[in-house]
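Note that this is a predicted model, so its numbers are computed, not measured. In the text below, chain A, chain B and the rest are named by the order of the sequence lines, each starting its count at 1.
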Amino acid sequence: MFPQFGATAESLSKASTAVFRIGTDAHLYDDPEDVNISPLLDSKFDSEKCEALKRLLALIAQGFDVSNFFPQVVKNVASQSLEVKKLVYLYLLHYAEKRPNEALLSINCFQKDLGDTNPLVRAWALRAMAGIRLHVIAPLVIVAVQKCARDPSVYVRKCAANALPKLHDLRMEEHASAIEEIVGLLLNDHSPGVVGAAASAFTSVCPSNFSLIGRNYKRLCEILPDVEEWGQIILIGILLRYVIARHGLVKESIMFSLFNIDIDNLVQDESDITSNEEAGYAIDNSVSELGNMIFQCYIERPDEYLSRSSSTNRVAPNLDVSQFTSCSNDVVKILLQCTSPLLWSNNSAVVLAAAGVHWIMASKEHIKLIVKPLLFLLRSSPASRYVVLCNIQVFAKAMPSLFAPHYQDFFICSSDSYQIKALKLDILSSIATDSSISLIYKEFQFYLVSMCKMDRMIRGISTFSSYTDPDRRFAADTVAAIGLCAQRLPKMATSCLEGLLTLVGQEFFCGEIRSLDGEDDVLIQAIISIKSIIKLEPPSYEKVIIQLVRSLDKIKVPAARAMIIWMLGEYCSLGEIIPRMLGTVLKYLSWCFTSEALEAKLQILNTTSKVLLFIKGEDNLTVRKIWSYVIELAECDLKYDIRDRSRFLKKLLSNNLESHYGEKENSESQNRDLSFVLAECMLGGQTKALTIPSEPIDYRFYLPGSLSQLVFHAAPGYDPLPKPCSLPYTDFDQYDGAAMGDSDEEDPGTSGSLDEESASDYSSEQSISGSGEVSSRNESVSGNEGEDNADQLIQISDTSNVCDTGFQDLMSTKSLESWLDEPTRSSKGSVIEQSQLRRSSARITIGDIGSRVKPKCYTLLDPVNGNGLKVNYSFSSETSSISSHLVCLAVFFENCSLEPMFDIVLIDEDYSKISDSSNQTSPPTENTLKFHVDKPALVSMDEIPSLEPGQTANRTLLVRFHHHLLPLRLALFCNDKKFPVKLRPDIGYFVKPLPISIGDFRDKESRLPGMFEYMRSCTFTDHILELNKGSNSLTEDKFLVICETLALKMLSNANLSLVSVDMPVSANLDDASGLCLLFSSEILSNSMPCLITVTVEGKCSDPLIVSVKVNCEETVFGLNFLNRVVNFLVEPSVTHL
Amino acid sequence: MLQCIFIVSDAGEVMLEKQLTGHRVDRSICAWFWQQTISLGDSFKQQPVIASPTHYIFHVFRDGITFLGCTQVEMPPLMAIEFLCRVADVLNDYFGALNEDIIKDNFVIVYELLDEMIDNGFPLTTEPSVLREMITPPNMVNRALSIVTGSSSNVSETLPATTGSSVPWRTAEPKYANNEVYVDLVEEMDAIVNRDGGLVKCDIYGEVQVNSRISGLPDLTLSFTNPSIIDDVRFHPCVRFRPWESHQILSFVPPDGQFKLMSYRVRNLKSTPICVKPQLTSDGGTCRVSVLVGIRNDPGKMIDSVTVQFQLPPFILSADMTSNHGTVNILAKKTCLWSIGRIPKDKAPSMSGTLMIETGLERLHVFPTFQVGFRIMGVALSGLQIHKLDLKTVPYRFYKGFRALTRAGEFEVRS
């Protein structure tokens, strides 16, 4: 009416928004490119840089590719302003994968930031560095994560835990163990915040490495209520899996009672117990076959599921009693005790996760705990309401008694979406009981009244497609639900049926105003429901059938008609009235046969045939006439389906007809003709009521709270529960045993303090005070929180169980200090430690160890592949005089054939072919190492002119490995034949011995702290063999043997020099802890020192825990070297036998 | 874990994307989502978890903004949904409201917040008070500052001290001149009333909202006179479980400022404070509607903001509604809203009118459901009462205030 006024109002409102938007970043988002961005990036003012970065961010947000600014942005990573840094990181992470080379430029800056005093800077640097996801820098990131995992700031440690999955995504198998080690360390952290993040890392890095959990199980349970909500969700799942894998399922749980049905060969007394409980809770009889399926699905993997479903008989997984534990087991008890308060969590995901644990593990009487919290979740956001209902649906189906008293919570509100309504209906129909059904039925009726009518009206006038009209679907669902209820509760069947019949009546009453577009779900569903109710007890519903048949000419929907006709045929022998009306009805049907739809026609054919078989006496003649008429009509039908059917029926019944027709008094053999029997079998005889379950159970179920359960297929990464008791009692028993309450001999050292407070040990109050203390004494050993921490330190140092962690923490604080502070302080720290070490240890020398070193021999060519020529090689400890880049190898040639060999020589073929481009084969690590590859890999070897059968020859080979660890491809020529061979480099020989004194060693070590120090631990078992060999071992001998085996192992696998061996004196006779070996070496190529410290923990006769520490300036080399050392220490030696 | 978060506007425009892992999610997924929404209608949009051809999509819809989270691997769906809700809450908290313009205007803050809230698909810092310390919410002052000086950083230079402490939700050592704690009981009544006036169900969903302004590190204890009526509870992480388990006492170190301490439910109430009696009769192409509203069980306090709302049935040509008190409006989507305000003492408010039914239809077949709204200050209808609030660990005195409020939740009257 007043266009100008409208325009003014519009512009006014625009103006007001404009005022409102002043001072925000609105102009940047609206028009990010109205100024030239690149000069701003190069500006020396932070504010201009910020603006440029914000503009870039706006472009990213709007989906433009601005990766061409990458080099300019990367420069700004060095900015001191945190805001610039943050914005740069945001940009960097978005594009790092696209521009890997430029991204590398930022690494130095991150390295620097990692040493910053501000924890926020350290954390951001770590997050950005790990987020770049380049293989090249992965080793550096691992080192950084290792450092940050021991950072004093909780926030940084948390970020370290979050960085682990990023590393894992790069799929670096060689670092897998290092990553897992960090996961273990972080799981052991005393701050709940870190544990939560570590749990998340655990699930993505090593979800089945339960030894990490077993070690800390009890502590993890206790810390659970204090872990932040997101971590709780993950941690609950981990603990559940661990308990099942380790201790199996719970005997009192509903899961067991379900298996119990299948497994008959149970011990008698156990079944007694369960039957007692049955009486008490009356649950077992309500647990359906469906429930059984559900639990089976929780455990089996997809392949098992497929194999089971393909075979016809469903065999339950063979679980036996041994795979069950009792819920009085302390492990289970703790789990349930610590998860039950989480049912009160504010985060619905936590509640659902906790409920899942109880569902699977809790005993039947305790499962009830989960009901109210789950129902409370229904009051949260609509999105989560849907997810919760999906889960409740499964719970309610498996155990209807659980939710039966709370049926009111599933009543439908007008604001519910269709999905939620449908779920609520389904739940209602499965939890209805005799006492609640009348109210529920009333509700159903209300839904029908409010929905059906509307539905009809809409269809009467407008043309909605069936999909867009959820109300209609809902009405059909309601009808189906009524049918289901009637089947479940026979008491209600009659009233349900009445309701349905009136509905059918209303439906066809309004049939006239309905457009016949075949959308008659409600009516069809009503007839289906009626059919299923009748099936329960046909004789008592005779009148219903008659009523339906009478309404036949009003019902126009083909599917509904077909069903009614089917019912007529099926129950034609029922009662007294139906047989009498058959003739009339059949006449009616044959009369309208031609106008019927396909499905109704088929049913008419069937029904007429059935009636024909049944009817005896005078009606037979009429029926036979009708039958022949219908068959004739059908034979000329347009649809091939009907023609086929009619031909089939004709063939089947014609014999029978004739026999009836003609000689009725004939002998039985003719009468009971084969085809008649066949016809009887096929058409006669009602389908047995209730022989098949109401719905075929062939779909799968997934764990409660999982994504797969919502989408009805196994999402990638879905993992069913582990097999009960699949985890053997292995090496970590020693950790586990003490922590588990079920073992009688509790170690007083580890769980003493917890016992005192065991009543309140999971309350948050206690742990707040506990963790408060812990954070103040950062350096103390985590794992035990309590008042008497001085005592505990002592206890820990003399219990072997936690020495591993204790030692690491001790080391970590040292390295942390050294990393954050000036080197002077760190050297002081190490001096203190050193003097402590000295006080309690004695230095020994092992004479003539060098002569006993036997380098490991590798096969280069075996006689099978080499026409009888056998070539072995070993790395020699000599160093080349020609070039420092060359590694010496001793190569042994042996002629194992019966003929002499000539002209044996090894050459580097790649180089001789393309001498200038051999760096093609170099791996990407070259980027960081910056070695020029322009020299042949092999210094030419003296040719062996001839080798007689059985003769051997030795040659020394000088090889240039270019400092990388890829196998070297060489060609071996013999008798003018070429054999390609691979020479595997050993990083242990990329160094040469560096004989120095202990003082020098300590001095060098103190100059290589922080980033240049790497540590890992592993187990060492070689000495056990040696100890067993010498049977009359004295205690002193044991130590010596361990020293010698360790030293030999080290020296035989790497080119090192042994600096010193320190042996504990005051310690226990059988305790090897404190044994310390120092080795030194320098890197061949650049003469940088590389120092190795090997420290031993554990008892002499048990596998030892060996911590290896490498100090080396060359970061990547040091790491690889450490990994190599750990690898050869772990692998049992065979060559030394 | 989540791989990507998109924030999509009302019109289907992707306003923001944040890639979280190395597995990049193309924004074309949003186009797919939008297309499906348009072609399949509401029933698609109401599904919170969707399996698209390439990704699983979680979505949360808030004030016209759709928050989409994508993943390709198994993860707890509720975790994703809760997280997206949390993002929406935090943004709402930061900007005071949520709409397309606000998101666009503050996109840098949104990016910074998202970066802080989630790392590699796993939530990192989600505690609102900590976030507020790390990234300053926009306000008039720093906006004005940014106009004058041309720049102002909203990124905190230091890590909040609380991230490492045992009470991560509490700001480090706030100082107040007046120490005060306000406790509000806010209850919502959910009820379904049948056609015959019978209560099908009537539950109370309540929240204990606390506004704590106390210096130092206070330890509070709150107890109720009649905790036994509470059917179920959910707690803020600060509440210690054990005292509640044993004595139904709330013991906690509160976060600073406003927060929701606890939510609870009281089931199966026997009466409602207000009664609404709709009557519909239809004949000969018209339908007479009359609705009566009255106070049933006087709660003793003023009932105000009373509204009655219903969807006009389909096939209504016109509606002519009048009331003796308050105003009647026909809103968009054929919703009829009757705002009554306070119920007068002297007369019972009533609304009446006629609906013209489309030609060809004699009678009305579908009867609307009436949604009732009301608010009662000063009373908690569940009957829950606070017994006392004690402060431990901090020596000084403080002021405490208690309030109660009941309003209608999903209060439906069927006809």
Side-chain angles (χ1 to χ4, degrees), chain A residues 21 23-26 29 47 54 57 61 63 82-83 86 90 119-120 127 133 153-155 162 165-166 169 200 230 233 341 344 346-349 352 372 376 379 381 383-384 386-387 408 413-414 417-419 453-454 457 468 470 705 707-708 710-711 715-718 763-765 768 771-772, chain B residues 14 16 19 22 27 41 43 46-49 51 56 60 72-79 81-82 85 104-108 111-112 115 119-120 122-123 143 146-147 150-151 153 155 157-159 163-164 166 192 200-201 205 232-236 240-242 265 314-315 365-366 369 410 412:
Chain A
R21 294 174 78 174
T24 64
D25 296 320
Y29 192 92
S47 61
K54 282 178 180 176
L57 215 52
L82 273 172
E83 191 177 22
K86 182 96 194 170
L90 281 171
L120 200 59
R127 284 176 61 188
R133 295 167 210 277
S153 161
V154 172
Y155 186 73
N162 279 335
K166 299 180 194 169
D169 277 355
S200 150
W230 314 106
I233 305 167
W344 293 333
N346 222 355
N347 188 320
S348 49
L352 188 57
K372 281 181 178 177
F376 202 177
R379 197 58 169 66
S381 72
S384 41
Y386 170 78
V387 179
Q408 281 170 333
C413 292
S414 52
S417 68
Y418 167 71
Q419 280 85 4
K453 288 186 177 166
M454 176 146 67
M457 314 250 319
T468 53
L707 175 61
S708 307
L710 287 187
V711 295
Y718 172 80
S763 81
S764 45
E765 184 177 23
I768 283 176
S771 50
Chain B
V14 184
L16 227 124
Q19 303 284 348
R27 57 168 63 198
S43 66
Q46 282 160 353
Q47 250 175 301
V49 181
Y56 300 104
V60 167
Q72 279 175 312
V73 292
E74 170 70 50
M75 70 173 291
L78 263 190
M79 184 165 156
I81 289 168
E82 276 279 320
C85 287
K104 283 183 177 173
D105 294 355
N106 300 289
F107 74 99
V108 176
Y111 260 119
E112 285 166 353
D115 192 54
D119 185 14
N120 198 37
F122 187 74
R143 262 196 220 156
S146 78
I147 297 169
S151 80
S153 167
V155 179
E157 296 280 322
T158 52
L159 197 66
T163 47
S166 54
I192 299 178
V200 178
K201 72 167 191 179
Y205 167 84
D232 197 27
V233 286
R234 288 172 80 181
F235 296 127
H236 187 273
R240 299 184 184 107
F241 294 129
R242 213 170 162 69
R265 201 163 81 133
F315 317 117
H365 289 282
V366 62
T369 302
E410 282 172 349
E412 289 185 2

State, to 0.1 Å, how close [X] and [Y] come at their nearest heavy-atom pair, and which atoms those are.
{"X": "A/Lys166", "Y": "B/Asp119", "answer": "NZ-OD1, 3.0 Å"}
{"X": "A/Pro716", "Y": "B/Gln72", "answer": "CG-O, 3.2 Å"}
{"X": "B/Met79", "Y": "A/Trp230", "answer": "O-CZ3, 3.7 Å"}
{"X": "B/Phe107", "Y": "A/Lys54", "answer": "CZ-O, 3.3 Å"}

Side chain to side chain donor-acceptor pair (under 3.5 Å) against A/Asn162, all qualifying residues, sequence neighbours excluded: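 If we apply the side chain to side chain donor-acceptor pair (under 3.5 Å) test to A/Asn162, skipping adjacent residues, there are no hits.
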Chain A heavy atoms under 4.5 Å from [X]: which part of the residue, side chain, backbone, both or neither?
{"X": "B/Arg265", "value": "both"}
{"X": "B/Ile81", "value": "side chain"}
{"X": "B/Tyr56", "value": "side chain"}

How would you list, by chain and number, every residue that makes a side-chain contact (heavy atoms from CB on, under 4.5 Å) with A/Ser417, sequence neighbours excluded?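 For A/Ser417, the residues satisfying side-chain contact (heavy atoms from CB on, under 4.5 Å) (neighbours in sequence not counted) are A/Gln419, A/Ile420, B/Gln46.
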Could you tell me whether the side chains of A/Ser708 and B/Glu74 share a donor-acceptor contact shorter than 3.5 Å?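 Indeed, the side chains of A/Ser708 and B/Glu74 share at least one donor-acceptor pair under 3.5 Å.
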Using non-hydrogen atoms only, which part of [X] is less than 4.5 Å away from chain B: side chain, backbone, both, or neither?
{"X": "A/Ser381", "result": "side chain"}
{"X": "A/Asn347", "result": "both"}
{"X": "A/Ile233", "result": "side chain"}
{"X": "A/Lys86", "result": "side chain"}

Supply the atom-to-atom distance B/Leu78 CG to A/Ser348 OG, rounded to the nearest 0.5 angstrom.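 Reported value, rounded in 0.5 Å steps: 4.5 Å.
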Classify the ring geometry of B/Phe241 against A/Trp344: parallel below 30°, tilted from 30° to 60°, perpendicular beyond 60°.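 Tilted, since the angle between the ring planes falls between 30° and 60°.
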Checking B/Glu410 side chain against A/Cys413 main chain: does a donor-acceptor pair fall under 3.5 Å?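 Pair absent, no side-chain N/O of B/Glu410 close to backbone of A/Cys413.
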Option that, when pairs with chain B are counted at under 4.5 Å, heavy atom only, ranks first among A/Leu707, A/Leu120, A/Leu57: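 Going by pairs under 4.5 Å, I would pick A/Leu707.
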Pick from A/Gly717, A/Pro165, A/Ser414 with the largest number of heavy-atom pairs that fall under 4.5 Å of chain B: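 Looking at each option in turn, the highest pair count goes to A/Ser414.
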Selection from B/Asp115, B/Val14, B/Val49 maximising heavy-atom pairs under 4.5 Å formed with chain A: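 Ranked by heavy-atom pairs under 4.5 Å with chain A, first place is B/Asp115.
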